[in-house]
Every structure is written in structure tokens, then in C-alpha cells.
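Chain identifiers are assigned alphabetically (A, B, ...) following the order of the sequence lines, protein sequences preceding nucleic acid strands; residue numbering begins at 1 within each chain.
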Number of protein chains: 2
Amino acid sequence: MTHPERTPPAPVEINDDTLRGFVGYHIKRAFNVIQDDLTATLKPFGLRMLTHTALILIVDNPGLSQSQLAAAMDIERSNLVVIIDELEGRELIIRDRVPNDRRAYALKATLTGRRLCEKAVAACTDHEARIFAGLDTSTRDTLLKVLSSVRNSQNS
Amino acid sequence: MTHPERTPPAPVEINDDTLRGFVGYHIKRAFNVIQDDLTATLKPFGLRMLTHTALILIVDNPGLSQSQLAAAMDIERSNLVVIIDELEGRELIIRDRVPNDRRAYALKATLTGRRLCEKAVAACTDHEARIFAGLDTSTRDTLLKVLSSVRNSQNS
DNA sequence: ATCATTTCGTTATGATATATAACAATAATG
DNA sequence: CATTATTGTTATATATCATAACGAAATGAT
């Protein structure tokens with residue numbers, strides 16, 4: 001030995017073994033990556049994850065009410081209001097009237113909304129291809145089965 | 001057929017096929033379930049996901065700085081301050097001094113902090129057993145491999 | 001040694017997400 | 001009819017997260 005080993009700029013090794021022992025930790029970290037990329041993907045369309053999800057469900061389910069939409073998105077009705085306000089303000093959807101219930105709104109996408117939704121969904125498809133590149137069908141099925149069983153583990 | 005099928009209270013079928021076509025959607029929904037259960041699991045210990053994560057990393061890496069911890073948790077230094085304040089206020093950790101750098105703190109867990117952490121980690125282990133019941137080792141490995149590749153897809 | 005740059009912890013601020021309570025209008029029920 | 005439930009809404013509180021700026025201190029360049 002010629003030189004006494006001088007510790008270099010210290011790459012700082014941090015032990016996260018305990019955390020990596022939890023599957024949920026890996027899911028969270030992976031989801032953060034997905035969310036970041038998805039957020040960037042939707043930005044050019046002026047959409048966020050929540051507004052995009054709402055728009056898709058309205059396009060695919062014309063006439064559904066805010067209560068139904070909130071239930072489908074698993075968020076509170078009160079928190080949906082601002083989301084619907086935003087989409088309506090951009091004239092991507094309209095709050096139509098339900099024939100026999102003057103309380104509820106029948107949410108419907110405008111032509112502009114449907115077109116924007118279509119483009120955004122296409123961008124999301126690309127986004128998923130990027131994120132899940134090299135995920136074969138079999139592995140994908142396994143993944144979805146696990147995620148589904150997690151969802152079904154609720155209240156048990 | 002004796003009775004004309006009367007549609008019951010309308011279970012309201014909502015089409016979310018588009019959303020279910022995205023793997024990220026399933027991950028988010030599954031993670032919501034995990035997060036809810038984990039939050040409930042940590043509540044008796046007075047910990048939230050972030051404070052718990054920080055406490056674990058401090059216990060396992062005595063003397064690390066706030067910058068290092070923020071980097072490890074992938075959050076901003078500024079947002080870590082309140083987390084550390086909270087843990088310090090409950091005397092679970094201390095802000096010790098780094099010998100040769102009067103700017104940085106050396107975070108260390110107290111005995112109380114280490115004991116609480118140990119119990120909370122045990123509770124989390126139970127939580128994971130609940131959530132991921134019936135997840136065999138092979139499937140688990142596949143899952144972790146996918147999640148790891150997602151994380152590595154960042155900036156590519 | 002001086003000066004510029006960087007790093008560390010911090011404060012302030014804003015955007016977003018989420019949960020709860022209350023309310024008026026309306027519908028459904030007994 | 002009277003009571004109760006539902007719908008959309010407002011207000012409020014909390015948590016998360018990003019960004020900008022700052023003083024103190026360390027580092028690097030000249």
C-alpha cells in the first residue's frame with residue numbers, strides 16, 4: 001500500500017433495508033415515478049391526473065351524475081366540484097340537466113372534450129409503454145392479479 | 001319466467017374500461033388501499049407514513065444529515081424540516097452536531113425512538129401480511145422486479 | 001488571503017389532494 | 001303531509017409537495 005486510503009467525495013451509502021423489506025415501499029416509489037411521468041405527459045393538455053380521470057369517465061359514461069362520478073373515482077363529492085368546475089370552465093364538459101331529477105347534473109363531454117380526451121389517452125398509452133417497457137403479457141397479468149387481490153383485501 | 005325483471009335500486013354500472021386499460025390506474029387504486037391500511041396501522045403510534053419512514057432511516061443510519069435523509073426519501077429538504085421537528089418534539093430523535101461541519105445536523109434516534117420504531121415496524125409487518133396475504137415468494141419476486149424496472153425507467 | 005460558489009437548514013408561499021361539516025334544493029318514503 | 005335521504009355546493013382544516021429566497025458555513029478558485 002502506497003497511499004493511505006483517502007475516503008473519496010463520499011457517495012453516502014444509506015441503509016434502507018428495513019424499508020425495502022416492505023412491498024408497499026416499492027409500490028410507493030414506483031408509483032411516484034409513474035405519477036411524475038404521467039403529470040408531465042398530461043401537462044401539454046392542461047390536464048392533471050384527477051381532471052383527466054374525470055374527463056375519461058364522463059366521455060365513456062355520458063350523463064352520469066357528480067355523485068356517481070365521485071363514487072367511481074373514490075373521492076368525496078365536495079372535492080369533485082372544483083374538478084368539474086375546471087373541466088366545465090374549459091368547455092370540455094357541460095353540466096346538463098337530468099330529466100326527472102332537478103337536483104342532479106348529467107355530465108356530458110363536449111366535442112372539444114372528447115377530442116382532447118382522445119389525444120390525452122393516446123399520450124397516456126405512450127407513457128405506459130415507456131414506463132412498462134419490456135413487461136410481457138404474462139408478467140402483466142400476474143401484476144394485475146396481485147394488484148386486484150390487494151384491492152380486495154380491503155376490510156378483511 | 002314469472003316476473004318481468006324489475007331493475008333493482010340501480011347498482012349504477014359505470015364503464016371504466018379505458019382506465020382499467022392502464023396499469024398505472026390499477027397501481028394507484030391498490031396503493032390507496034395500502035395507504036389507508038398503513039395509516040390506520042401507524043395511527044396508534046402517533047406516526048404518519050412520512051414520519052415513520054424518516055424514523056426508520058434515522059434508526060438505521062445514525063448520524064445522517066437532513067440533506068441525506070431528504071435525498072433518501074426523495075422529498076425536498078424544506079419539506080423535511082417539519083417532519084424532523086415533529087420527531088424531535090416527541091423526543092424520538094435528536095438533532096446532534098456533526099463534528100466537522102457546523103451547518104449540518106447529525107440525526108440520531110433516542111432510546112424511546114428506537115423502541116417506538118421497533119413496535120411500529122412490527123405492526124407494519126403485520127399490515128403487509130394482511131394486505132399481501134397469499135402472495136407467494138415467486139410472485140413477490142416478479143412483482144418487485146417489475147416495480148424496480150419501473151423505477152429504473154425514470155429519465156429514459 | 002480573498003472572493004465566488006456551493007451546501008445546509010430554514011422560512012415563506014402556493015398548488016394540490018383529501019376529509020368533514022353544514023346547507024338549500026329537491027326527491028323519496030312513511 | 002311530515003320525515004328522511006340525496007345532490008350539489010361552500011367552507012374549513014390538514015397533508016403533501018414544489019419553488020424561491022435567506023443566513024450561516026464550507027468549499028473552491030485565483
* To do: Could you check how far CG of Asp85(A) sits from C1' of dT9(D), rounded to whole Å?
  => 9 Å
* **Min side-chain heavy-atom separation Leu147(A)-Tyr25(B) under 4.5 Å** => no
* Return the 5'-most residue of the pair Val81(A), Asn32(A) with respect to DNA chain D, ranking by each residue's nearest nucleotide. => Val81(A)
* Look at the side chain of Ser78(B) against the base of dT19(D) and say whether a donor-acceptor pair falls under 3.5 Å; ignore hydrogens and angles. => yes
* Nearest-Å distance, CZ (Arg48(A)) to C1' (dT16(C))? -> 7 Å
* To do: Have a look at Ser67(A) and say if it touches a base, only the backbone sugar-phosphate, or nothing, with a 4.0 Å heavy-atom cut-off.
  => sugar-phosphate
* Ignoring backbone atoms, establish whether Gln66(A) has a side-chain N or O less than 4.0 Å from OP1 or OP2 of dT9(D). => yes
* Asked: Has the side chain of Asn100(B) got a donor or acceptor that lies under 3.5 Å from a partner of the other kind on the base of dA26(D)?
  -> no
* To do: Look at the side chain of Arg103(B) and decide which nucleotide, out of dT6(C), dG9(C), dG8(D), has an atom nearest to it.
  => dT6(C)
* Determine the contact category for Asp101(A): base if any of its heavy atoms lies under 4.0 Å from a base atom, sugar-phosphate if only primed atoms, P, OP1 or OP2 are that close, otherwise nothing. => sugar-phosphate
* Decide whether Val81(B) and Leu87(B) are clustered together by the hydrophobic rule: side chain heavy atoms of Ile, Leu, Val, Met, Phe, Trp, Tyr closer than 4.5 Å, transitively. => no
* **Atom pair distance, as rounded to whole Å: CZ in Phe31(A) and C1' in dC17(D)** => 14 Å
* With no hydrogens and no angle check, do the side chains of Arg90(B) and Thr51(B) hold a donor and an acceptor under 3.5 Å apart? -> no
* Roughly how many Å is it from CD1 in Ile84(A) to P in dT7(D), rounded to a whole number? -> 15 Å
* Given dG8(D), is OP1 or OP2 found less than 4.0 Å from the side-chain N or O atoms of Arg95(A)? -> no
* Flag the pair Leu69(A) / Arg77(A) as yes when at least one side-chain heavy-atom distance between them is below 4.5 Å, and no otherwise. => no
* Taking atom P of dT10(C) as reference, at what distance in whole Å does atom CD of Glu76(B) sit? -> 15 Å
* Atom-pair distance (CG on Asp74(B); P on dC17(D)), nearest Å -> 9 Å
* To do: Ignoring backbone atoms, establish whether Arg102(A) has a side-chain N or O less than 4.0 Å from OP1 or OP2 of dG8(D).
  => no
* Closest approach of Glu13(A) and Asn61(B), non-hydrogen atoms and distance? -> O-OD1, 4.4 Å
* To do: Name the nucleic acid region contacted by Leu50(B), choosing base, sugar-phosphate or nothing; use a 4.0 angstrom heavy-atom cut-off, strictly under.
  => sugar-phosphate
* Just call it for Arg77(B): base, sugar-phosphate, or nothing, with non-hydrogen atoms closer than 4.0 Å on any strand. => base
* To do: Figure out the CD/P separation between Glu86(B) and dT10(C), and round it to whole Å.
  => 15 Å
* Measure from CD1 on Ile83(B) to P on dT10(C) and round the result to the nearest Å. => 12 Å
